[in-house]
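To keep things clear, I will list the structure first and then write my remarks on it.
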Amino acid sequence: MNNIQGFEGQHPDIASDAWVHATAVVIGDVRLGSGSSIWPLCAVRGDIHRIEIGAGTNIQDGSILHVSHDSRFMPGGAPILIQDGVTIGHQVVLHGCEIQDHCLIGIGARVLDRAVLKPRVMLGAGSLVTPRQVLEGGYLWLGAPARRARPLTDQELEYLDYVAANYVRLAERYRAEPV
């Protein structure tokens, strides 16, 4: 079975320099930007709405990305919109949310429908962002529901860029390996 597949006429659009591990599944209306990567055992399912992943973003092992369809319960539905230089940690669940530039989503965090993470948010491991919650950038957010813990340090702000760039380099090394 092909791990990159269409659904009802919508097919993934994957940049030529992006990388998707053979065990990850990418379905439907999904756009993966330049230098981005999807790691082992991820499910990126754009079957009932779209998923847009910007440049230099990494979706780490075991993460699940899904969307909400247009209905009377959620008019217009809820796509996933992920901007550039974002790090999505291991086993994260993103559902119909927006993650803006240079965020880091910690291991096992959950971000639900129509939540928005502004640029340069660091979301701690295991945190829960509730539907429609908006997280202000430049802060560490922790807990369930997520609460603003403190401003990010200069070193943490630098780390947001470092980790995303490191995953771009790592994906390039994987792309260079013979199949």
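From a predicted model like this one, the values you see are computed outputs, not experimental measurements. Hydrogens, waters and symmetry mates play no part in the numbers below; they use all other heavy atoms, side chains included.
Annotation: the span from Phe7 atom CZ to Ile48 atom CD1 amounts to 9.0 Å, rounded to 0.5 Å. Cys97 SG to Arg132 CZ: the interatomic distance, rounded to the nearest 0.5 Å, is 13.5 Å. Taking CD of Glu98 as the reference point, atom SG of Cys103 lies at 9.5 Å (rounded to 0.5 Å). The distance from atom CG of Leu117 to atom CG of Asp101, rounded to the nearest 0.5 Å, is 12.0 Å. Here the straight-line distance linking atom CD1 of Ile88 with atom OG of Ser37 works out to 11.0 Å at 0.5 Å rounding. Rounded to the nearest 0.5 angstrom, Ile51 CD1 and Arg45 CZ are separated by 9.0 Å.
No side-chain donor from either of Gln60 and Ser63 sits under 3.5 Å from a side-chain acceptor of the other.
Screening Gln10, His69, His66 for a side-chain hydrogen bond (donor to acceptor under 3.5 Å, both in side chains) involving Asp47 leaves a single residue, His66. Paired with His102 under the rule side-chain hydrogen bond (donor to acceptor under 3.5 Å, both in side chains), one option of Asp84, Asp161, Thr87 passes, and it is Asp161. Here the rule is side-chain contact (heavy atoms from CB on, under 4.5 Å) with Ile59, and of Val92, Val20, Leu65, Ile105 only Leu65 fits it.
Between the side chain of Ser36 and the main chain of Gly56, a donor-acceptor pair closer than 3.5 Å is present. Asp13 places no side-chain N or O within donor-acceptor distance of the main-chain N or O of Arg31, the cut-off being under 3.5 Å. Side-chain N or O atoms of Asp113 include none that pairs as donor or acceptor with a backbone N or O of Pro131 at under 3.5 Å. Counting only distance, with no hydrogens or angles, the side chain of Thr130 and the backbone of Gln133 share no donor-acceptor pair below 3.5 Å. Listed for the Trp141 side chain is a donor-acceptor partner under 3.5 Å among the backbone atoms of Glu136. Looking at Asn3, its side chain never comes within 3.5 Å of a backbone N or O of Val26 through a donor-acceptor pair. Put simply, the side chain of Thr23 gets close to the backbone of Leu41: a donor and an acceptor are under 3.5 Å apart. Remark: the backbone N or O of Gln83 is paired with a side-chain donor or acceptor of Thr57 at under 3.5 angstrom.
With hydrophobic clusters built from ILVMFWY side chains whose heavy atoms lie under 4.5 angstrom apart, Leu81 does not share a cluster with Ile14. The hydrophobic cluster containing Tyr174 does not contain Ile53, counting ILVMFWY residues as joined when their side-chain heavy atoms lie under 4.5 angstrom apart, directly or transitively. Residues Leu170 and Val163 are members of one and the same hydrophobic cluster, defined by side-chain heavy-atom contacts under 4.5 angstrom among Ile, Leu, Val, Met, Phe, Trp and Tyr. Tracing side-chain contacts under 4.5 Å through hydrophobic residues (I, L, V, M, F, W, Y), one never reaches Met74 starting from Val93; they form parts of separate clusters. Hydrophobic clustering (side-chain heavy atoms under 4.5 Å, transitive across Ile, Leu, Val, Met, Phe, Trp, Tyr) keeps Val44 apart from Val25.
Of all non-hydrogen atoms in Ala78 and Val67, the two that sit nearest each other are O-CB, 3.4 Å. What you find for Gly62 and Cys42 is that their closest heavy atoms are N-SG, 3.8 Å. Heavy atoms only, all atoms of each residue included: His11 and Gly9 are closest at CD2-O, 3.6 Å. The shortest non-hydrogen separation linking Ala24 to Trp39 is CB-O, 3.5 Å. Scanning all heavy atoms of the two residues, the minimum distance from Val168 to Gly35 falls at CG2-O, 3.4 Å. The shortest non-hydrogen separation linking Val121 to Gly137 is CG2-CA, 3.8 Å.
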From CA spacing to verdict: side chain to side chain contact (heavy atoms under 4.5 Å, CB included), Glu52, Ile80: CA-CA 6 Å; Glu52 298 178 10; Ile80 288 181; over 6 Å; no
Worked verdict on Leu128 versus Leu112 for side chain to side chain contact (heavy atoms under 4.5 Å, CB included): CA-CA 8 Å; Leu128 171 67; Leu112 302 181; 3.9 Å; yes
From CA spacing to verdict: salt bridge (charged side-chain N to carboxylate O under 4.0 Å, His left out), Glu156, Arg150: CA-CA 12 Å; Glu156 288 167 332; Arg150 61 171 172 76; 2.7 Å; yes
Test side chain to side chain contact (heavy atoms under 4.5 Å, CB included) applied to Tyr139 and Leu135, step by step: CA-CA 8 Å; Tyr139 291 92; Leu135 306 190; over 6 Å; no
Leu104/Leu123 under side chain to side chain contact (heavy atoms under 4.5 Å, CB included): CA gap, chis, key distance, verdict: CA-CA 6 Å; Leu104 185 147; Leu123 181 63; over 6 Å; no
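Checked against the 6.0 Å centroid criterion, the rings of Tyr167 and Trp19 do not qualify as a close aromatic pair.
Side chains of Leu157 and Arg120 form a contact here, defined as non-hydrogen atoms less than 4.5 Å apart.
Heavy atoms of other residues, nucleotides or ligands lying less than 6.0 angstrom from CD of Glu158 number 12 at most. Around CZ of Arg169, the count of heavy atoms belonging to other residues, nucleotides or ligands within 6.0 Å exceeds 12.
A salt bridge between Arg175 and Glu177 is absent, with no side-chain N of the basic residue lying under 4.0 Å from a carboxylate O of the acidic one.
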